[in-house]
Amino acid sequence: DGGITQSPKYLFRKEGQNVTLSCEQNLNHDAMYWYRQDPGQGLRLIYYSQIVNDFQKGDIAEGYSVSREKKESFPLTVTSAQKNPTAFYLCASSPTRQAGEQYFGPGTRLTVT
Amino acid sequence: RKEVEQDPGPFNVPEGATVAFNCTYSNSASQSFFWYRQDCRKEPKLLMSVYSSGNEDGRFTAQLNRASQYISLLIRDSKLSDSATYLCVVNREGKLIFGQGTTLQVKP
């Protein structure tokens, strides 16, 4: 089955620790995205990548980093510099950046205490 | 002001009711439009695209008014399984802008 996987589903970390969230897709999509969702708010774009070895900052990139070494994979690192890291993180992909529809993974709920 | 605005609700309706959600967007450069559905604590999934001519998919009808920068979603004969949050989404130059969502609760 084609799709997007994210792991883990739930993640707990202590303040001051960096943490990496996994995102893998086997849809052969060029574009991949990371969003964060907070209660009662819309999704906000953290980073996106249009092609391997290229990525761009979204609206709220501070305190996050990404890499795109393989087409299938787009991991997100939440660093200790992110002031409010507790959130629901969603990875998505689309055939190209211009494609209107994006396909989402199941998400990772990160709790930092 | 948010670029995509929706009434967060919740909308509480009985089974079988017809319910309508509205959404406004502020950037006239927006190119394409969508409704996504998000179940509680799950990922969003595309419900339908929205076209100026209006489009229907079973019990769901979506409408776009570019002049008024307004998008609507009509759900007829509501089912319990329609309970979810409905996200209005616009595509502006390859970037998806999400509304905060409208929550629908269908009661027996």
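- Rounding to the nearest 0.5 angstrom, the gap separating the CG atom in A:Leu90 from the CD atom in B:Gln38 is 6.5 Å.
- A single hydrophobic cluster is seen to contain both B:Trp35 and B:Val90, as judged by linkage of ILVMFWY side chains at heavy-atom distances under 4.5 Å, directly or through other members.
- With a 4.5 Å cut-off on non-hydrogen atoms, B:Lys2 does not touch chain A at all.
- Heavy-atom distances place the backbone of A:Gln41, and not its side chain, under 4.5 Å from chain B.
- A:Phe104 CZ to B:Tyr36 OH: the interatomic distance, rounded to the nearest 0.5 Å, is 5.5 Å.
- To the nearest 0.5 angstrom, A:Gln102 atom CD is 10.5 Å from B:Leu46 atom CG.
- Between the CZ atom of A:Phe88 and the CZ atom of B:Arg41 there is a distance of 8.0 Å, given to the nearest 0.5 Å.
- Surrounding OH of B:Tyr51 are at most 12 heavy atoms belonging to other residues, nucleotides or ligands under 6.0 Å away.
- Residue A:Leu45 is not grouped with residue A:Phe55 when hydrophobic side chains (ILVMFWY) are merged at heavy-atom distances under 4.5 angstrom, including chains of intermediate members.
- Put simply, of A:Gly58, A:Gly107, A:Gly105, the one with the most heavy-atom pairs under 4.5 Å next to chain B is A:Gly105.
- Between B:Leu87 and A:Leu43, some side-chain heavy-atom pair lies under the 4.5 Å cut-off.
- The 12-atom threshold is not exceeded at NZ of B:Lys42, counting heavy atoms of other residues, nucleotides or ligands nearer than 6.0 Å.
- Contacts of A:Tyr48 with chain B are absent, with no heavy-atom separation under 4.5 Å from either backbone or side chain.
- To the nearest 0.5 Å, the span separating CD on B:Gln100 from CD on A:Gln37 amounts to 10.5 Å.
- Taken together through direct or relayed side-chain contacts under 4.5 Å among Ile, Leu, Val, Met, Phe, Trp and Tyr, B:Leu74 and B:Phe33 form parts of separate hydrophobic clusters.
- At a 4.5 Å heavy-atom cutoff, B:Pro8 makes no contact with chain A through either its backbone or its side chain.
- Residue contact with chain B, scored on non-hydrogen atoms closer than 4.5 Å, involves the side chain of A:Arg109 exclusively.
- Taking 4.5 Å as the limit, every side-chain heavy atom of A:Ser94 sits out of range of all side-chain heavy atoms of B:Leu96.
- Side chain to side chain, B:Glu43 and A:Gln6 fail the donor-acceptor criterion of an N or O pair below 3.5 Å.
- Residues B:Leu47 and B:Phe21 are members of one and the same hydrophobic cluster, defined by side-chain heavy-atom contacts under 4.5 angstrom among Ile, Leu, Val, Met, Phe, Trp and Tyr.
- In terms of hydrophobic clustering, with Ile, Leu, Val, Met, Phe, Trp and Tyr side chains grouped at heavy-atom distances under 4.5 Å, A:Tyr89 and A:Tyr35 are assigned to different clusters.
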